[in-house]
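So the structure is just underneath, and the comments pick up after that.
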Number of protein chains: 2
Amino acid sequence: MDTRKRYDPFLLLVICIFLSLIETTLATVQERHLYKWEVEYMFGSPDGVENVVMGINGQFPGPTIRAKAGETIHVELTNKLHTEGVVIHWHGIRQLGTPWADGTASISQCVINPGEKFTYRFTVDRPGTYFYHGHYGMQRSAGLYGSLIVDVAEGEKEPFHYDDELNLLLSDWWHQSVHHQEVGLSSKPFRWIGESQSLLINGRGQYNCSLAAHYSKNPTVNGCNLKGGEQWAPDILKVLPNKIYRLRIASTTALASLNLAIGDHKMLVVEADGNYVEPFETADLDIYSGESYSVLISTNQNPKKNYWVSVGVRAREPKTPQGLTILNYLPNSVENLPDSPPPVTPQWNDYAHSKAFSNKILATMGSPKPPKNFSRRIILLNTQNKINGFTKWSINNVSLSLPATPYLGSMKYGLLHAFDQTNPPENYPAQYDVMKPPANPNTTLGNGVYKFDYQTTVDVILQNANALSDNVSEIHPWHLHGHDFWLLGYGEGKFTPKDEEKFNLKNPPLRNTAVIFPYGWTALRFVADNPGVWAFHCHIEPHLHMGMGVVFAEGIEHIGEVPHEALACGLTGKMFMENNKH
Amino acid sequence: MDTRKRYDPFLLLVICIFLSLIETTLATVQERHLYKWEVEYMFGSPDGVENVVMGINGQFPGPTIRAKAGETIHVELTNKLHTEGVVIHWHGIRQLGTPWADGTASISQCVINPGEKFTYRFTVDRPGTYFYHGHYGMQRSAGLYGSLIVDVAEGEKEPFHYDDELNLLLSDWWHQSVHHQEVGLSSKPFRWIGESQSLLINGRGQYNCSLAAHYSKNPTVNGCNLKGGEQWAPDILKVLPNKIYRLRIASTTALASLNLAIGDHKMLVVEADGNYVEPFETADLDIYSGESYSVLISTNQNPKKNYWVSVGVRAREPKTPQGLTILNYLPNSVENLPDSPPPVTPQWNDYAHSKAFSNKILATMGSPKPPKNFSRRIILLNTQNKINGFTKWSINNVSLSLPATPYLGSMKYGLLHAFDQTNPPENYPAQYDVMKPPANPNTTLGNGVYKFDYQTTVDVILQNANALSDNVSEIHPWHLHGHDFWLLGYGEGKFTPKDEEKFNLKNPPLRNTAVIFPYGWTALRFVADNPGVWAFHCHIEPHLHMGMGVVFAEGIEHIGEVPHEALACGLTGKMFMENNKH
């Protein structure tokens with residue numbers, strides 16, 4: 001008889017199951033990510049010019065959050081500002097079941113006052129490239145932002161292969177403080193903020209010099225005399241030859257629509273706003289504020305060289321120099337600058353180029369399909385207007401003026417005086433000419449809510465129009481909180497029911513941000529299945545400040561218990577105080 | 001018989017009493033002053049350079065409040081700032097019975113959040129020259145201030161005669177925003193705000209030019225090319241010859257100690273901080289931040305001429321030009337500039353001059369006298385210190401770090417976690433050498449409270465010392481909320497019990513602000529008779545920001561019902577919310 005001990009296959013199986021259970025338990029313990037953050041103003045030189053920037057734990061941009069799909073994030077946020085409130089919005093995270101964690105002032109919560117804390121607790125339900133940012137006043141413009149990356153759940157795989165990844169958070173930067181900018185936007189006469197001084201890649205740009213000065217035709221452009229360690233030195237993208245890299249690209253610009261290109265490298269677009277898209281190749285990528293993309297690049301070019309990564313302004317006459325960094329093939333020295341000039345950004349007003357790009361973005365096979373029919377359609381006319389001489393943006397002739405009491409609490413508790421109880425208009429006059437400045441530019445302030453029956457399918461037609469000046473119609477990237485929507489299509493001129501025939505119901509991409517092109521319309525569809533109150537707004541910070549947004553609400557009766565600290569202001573705060581006299 | 005109707009004297013008396021009752025009723029109706037104010041940032045050019053300033057109802061400085069002693073003021077304050085809270089402190093008004101209306105963030109109330117309102121209701125119990133200002137962050141420096149003038153009660157007379165009065169609210173002005181200043185003060189390494197760019201008289205100064213350029217020995221000083229109507233044109237003091245004018249002078253400077261003089265005119269000082277003083281004549285008047293004075297001038301000089309009013313910096317090496325305006329004898333044209341240069345401000349470090357002036361201020365006959373004895377004495381050492389490399393000011397080695405929950409609520413409701421429950425130190429080590437920089441400059445943050453038994457007599461000895469650098473000891477004007485104190489005296493070096501012999505118990509002036517001179521001490525006495533929690537702090541805005549203050553409390557058990565909106569934040573807000581779950 002063999003004396004070697006025999007293992008009972010059944011016992012082995014039991015042990016394996018037991019071990020896997022332990023592992024699962026460990027995973028459960030680990031799946032909560034706790035961050036302790038302090039928000040404060042600090043000195044910083046994002047583009048080489050010293051400024052006051054908003055930082056988190058002394059960092060600008062803020063720390064990157066990284067988690068796996070299905071995990072829970074806890075961010076204990078302490079406000080270390082001296083006199084300002086603060087909130088943080090987790091852009092692209094739908095906050096399923098946690099509408100109070102959406103981080104939108106006046107909508108989802110009372111702002112966190114100086115010296116106070118609020119803990120955001122939410123689940124990142126889906127892998128993707130996201131970011132977070134301030135959503136109070138113009139604190140995003142002040143630098144309150146960072147990346148939020150969600151990997152596939154433990155044991156799952158991305159539907160495409162890559163060897164490593166790089167992160168590119170794009171933004172634009174002004175030297176004038178946001179406090180100053182806000183006063184100008186709210187003044188009579190109106191003072192526009194102008195174009196940004198610089199474009200930042202991962203919070204770094206160069207204002208007084210150019211990395212590519214030696215290629216510049218402008219003799220006044222100086223080269224950058226970098227010693228290393230500068231806050232404004234470019235964040236170099238270090239890569240190995242012959243690998244596949246995933247570039248996660250997100251734009252948190254205050255204003256600029258951007259185009260990104262990499263010298264001699266094509267990009268394969270695979271993800272948009274946290275949703276996989278049908279892969280397609282592109283030489284340059286248009287990205288609007290509020291959007292995110294993943295692209296794959298192959299480092300299959302001459303490994304002895306380095307290559308430019310360039311970011312330029314689209315859709316506004318560019319007065320801001322390109323943002324630049326280097327794709328550095330290791331082990332080359334980064335000081336070997338590319339031997340050709342940086343990729344040229346397409347003409348700012350080449351909208352055909354933009355539209356062609358946007359139309360390539362389609363859902364990948366197996367993505368959820370939109371309901372065939374909608375139960376309610378609202379048409380939102382975007383116009384620039386005047387109120388008593390103040391310049392505003394309006395939707396169906398109402399300029400959003402957010403209330404002091406956040407909607408989530410006031411709607412849950414039925415506080416009728418907290419905001420306009422009349423429903424905002426669902427359309428605009430049939431005779432309105434979208435190709436001309438408004439015949440009567442006067443508009444009104446409002447803060448009514450578009451209330452959707454729970455679980456209904458809603459179509460939104462964003463209708464662009466001429467601004468106040470002749471022959472001006474601007475880009476607006478609209479961002480929806482709490483949902484993704486299917487982007488059913490873009491069209492020219494005034495939307496008519498006949499345009500419905502052109503809707504893509506087969507493979508429309510799911511997005512959270514959709515651009516409207518000058519004088520055009522964009523059609524979206526979503527299911528009102530996430531109980532809460534949700535902002536839907538132009539993601540251009542000064543435009544939102546000027547009233548360019550609306551508020552959606554659904555399933556208020558299904559909202560769970562709102563953390564009390566989210567309600568301790570305005571009329572909800574008052575209600576609790578009054579009911580509880582001491 | 002005489003057919004003329006005879007009037008019954010008794011009936012006449014009844015009618016008179018009736019009429020007087022009606023009059024009293026009318027007076028009662030009129031005695032409430034209602035102001036509706038909106039606080040916002042706006043563009044302004046206080047000194048000819050455009051800046052963002054804090055305004056009230058579009059005005060900078062804010063509107064003047066004018067009332068009669070005994071009347072009630074209601075100010076309904078709406079916060080129209082975008083992201084900042086706001087409060088307003090009514091400087092010099094003791095808030096007898098209304099401690100929640102004192103307008104000090106973290107102490108008397110929760111700040112008013114953007115879009116929200118708070119109504120300050122308080123009685124102005126005593127005639128005098130007062131002012132109001134922001135008391136949150138450095139909003140006073142940002143321009144949130146104005147005058148508050150209380151006349152004698154109806155039917156009463158001032159104890160001195162004057163024909164008319166003029167108001168002079170003095171301030172200093174920086175071109176760098178307070179947000180920027182705050183970041184510098186809170187940074188490591190510390191960045192000092194520097195001296196102000198200009199001095200303002202009623203919110204008006206001249207930065208790029210001088211009204212007295214033709215007298216300047218500096219050829220780079222330009223004359224002012226004023227067309228009239230400029231925001232920075234001087235506020236001309238128009239007077240008639242051979243009259244007596246009361247000048248009400250108050251200083252709300254962020255930093256500067258000032259000296260005011262009027263060419264060829266002596267001033268008779270008659271009031272200080274809302275208390276009548278024994279009249280004395282002076283050629284120039286020292287005024288520290290937080291102080292107010294009334295002086296009488298006689299326009300008995302050559303009526304064909306106009307005269308300078310000059311304001312210059314004392315107690316810091318002056319890098320700010322004199323503030324100037326014109327005493328304009330009507331009907332002279334204001335363009336007839338005075339035929340001699342403006343009065344020269346005494347040498348900045350001529351402290352003998354300053355002390356001589358301060359010592360002249362004595363209570364007028366009939367003023368309340370101080371209790372002969374004190375029941376508690378606290379000695380407050382003023383030092384500059386370091387905490388982990390951050391520069392601070394400390395009192396008995398504790399640098400004040402205000403809590404998120406205002407004390408008034410947390411003390412009334414016994415919330416022990418709202419602030420340090422240990423009592424702050426009442427003295428400093430006997431061996432401490434006030435003539436040298438601190439041997440160990442490290443200090444700690446704290447927010448404990450000096451709690452006084454109700455109605456006890458408290459002595460406070462403010463002890464100055466050397467700052468961090470050798471041979472530096474600065475002026476600090478200490479302001480007490482909720483009370484006046486008797487200023488018992490000033491002394492040199494380290495206070496010892498023997499110095500008590502020098503106290504003036506006969507006619508010490510009642511003040512709410514007292515200066516400490518370099519390396520000296522100042523002794524105060526007050527009765528803790530006003531239930532509430534009261535700030536006592538250096539009135540230099542950046543010094544308070546750096547921790548230079550303490551908190552006093554008394555008679556908490558006698559505080560009436562605090563308006564709920566003053567409690568809707570921090571731990572008091574939480575308490576109300578938790579007790580009242582829905």
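Numbered from 1 within each chain, the chains take letters A, B, ... in sequence-line order.
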Report summary line: To the nearest 0.5 Å, atom CD of A:Glu578 lies from atom CZ of B:Phe576 at 9.5 Å

Query - Residues that B:Tyr145 engages under side chain to side chain donor-acceptor pair (under 3.5 Å), provided they are two or more places apart - result: B:Ser171

**Report entry** Options B:Met138, B:Glu565, B:Glu50, ranked by heavy-atom pairs under 4.5 Å with chain A, top entry
**Finding:** B:Glu50

Requested in this report: Pick one of side chain, backbone, both or neither for B:Leu567, based on which atoms fall under 4.5 Å of a heavy atom in chain A.
Outcome: both

Report task. For each of A:Ser401, A:Pro403, A:Ala568, A:Gly573, tally heavy-atom pairs with chain B at distances under 4.5 Å, and name the one with the top tally. Result -> A:Ala568

**Report entry** Part of A:Gln139 lying under 4.5 Å from any heavy atom of chain B
**Finding:** side chain

Query raised in the report: Where along residues 105-118 of chain B does a heavy atom come under 4.5 Å of chain A, listed by residue number?
Result: B:Asn113, B:Pro114, B:Gly115, B:Glu116

Query raised in the report: Which residues from residues 79-89 of chain A are near chain B, with near meaning under 4.5 Å between non-hydrogen atoms?
Result: A:His82, A:Thr83, A:Glu84, A:Gly85

Report task. Against chain B, work out which of A:His179, A:His545, A:Glu40 has the most heavy-atom pairs shorter than 4.5 Å and name it. Result -> A:His179

Requested in this report: Could you please state which residues from residues 183-194 of chain A sit under 4.5 angstrom from chain B, measuring non-hydrogen atom to non-hydrogen atom, sorted by number, or 'none'?
Outcome: A:Val183, A:Gly184, A:Ser186, A:Ser187, A:Arg191

